[in-house]
Amino acid sequence: MPQHHGTTADGAMGADIRGFSPEEGAQAAIAAIRSLARDVEIPAGLRELGARLNDIPTLATNALKDACGVTNPRAADQRQIEEIFRSAF
């Protein structure tokens, strides 16, 4: 994992990661972000927002229409976006 994730845990999230490897620092950052998300009641996935698996094709189609996709560093097709949405469940 990129080393900058450990910096996120230490600086932005307040976790003490002294002596951690980059991997351990990254895991600490992930844990801190998940904890914050729970604390402020951010839904953990699409299911918690009321989406259903059979909504995925429509969600992906709409995502492909979004103008923000142009600035994405990687282009994605319908199948790839559907897989991203499945992962978000």
Side-chain angles (χ1 to χ4, degrees):
M1 280 194 182
Q3 197 162 354
H4 65 275
H5 292 292
T7 304
T8 301
D10 189 32
M13 302 304 294
D16 183 4
I17 61 165
R18 287 176 287 189
F20 282 25
S21 70
E23 176 72 24
E24 292 167 330
Q27 292 303 318
I30 291 167
I33 291 167
R34 285 184 175 152
S35 178
L36 174 62
R38 278 190 304 276
D39 290 348
V40 298
E41 299 179 3
I42 294 174
L46 293 174
R47 188 181 318 270
E48 288 185 27
L49 292 169
R52 299 176 317 254
L53 283 173
N54 62 351
D55 294 329
I56 289 176
T58 301
L59 292 169
T61 298
N62 290 337
L64 285 168
K65 294 176 188 175
D66 192 301
C68 294
V70 176
T71 61
N72 234 345
R74 288 185 166 171
D77 62 22
Q78 178 84 18
R79 182 193 58 77
Q80 291 167 318
I81 294 176
E82 286 184 18
E83 187 56 39
I84 292 168
F85 278 119
R86 279 188 199 87
S87 295
F89 262 82

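Any value given below was found using the heavy atoms of this structure, including those in side chains, with hydrogens, waters and symmetry copies removed.
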Look at the side-chain heavy atoms of Ile, Leu, Val, Met, Phe, Trp and Tyr, link any pair under 4.5 Å apart, and say whether Phe89 and Ile81 land in one connected group. yes
Applying side-chain hydrogen bond (donor to acceptor under 3.5 Å, both in side chains), name anything that partners Asn54, two or more places apart in sequence or on another chain. Arg52
Please tabulate, for side-chain N and O atoms in residues 36-51, each donor-acceptor pair with protein atoms closer than 3.5 Å (sequence neighbours left out).
unit_1, atom_1, unit_2, atom_2, d
Glu48, OE1, Ala44, N, 3.2

Please confirm whether the backbone N or O of Glu83 pairs with a side-chain atom of Ser87, one donor and one acceptor, at under 3.5 Å? yes
For Gln78 versus Pro57, what's the shortest heavy-atom pair and its separation? NE2-O, 3.1 Å
For Arg34, is the CZ atom crowded, meaning more than 12 foreign heavy atoms sit under 6.0 Å from it? no
Quick one: CD on Glu82 to OG1 on Thr61, what's the gap to the nearest 0.5 Å? 7.0 Å
Cluster question for you: counting only ILVMFWY and a side-chain heavy-atom cut-off of under 4.5 Å, with indirect links fine, are Leu64 and Leu59 together? yes
Hey, does the side chain of Asn72 reach the backbone of Ala75 with a donor-acceptor pair shorter than 3.5 angstrom? no
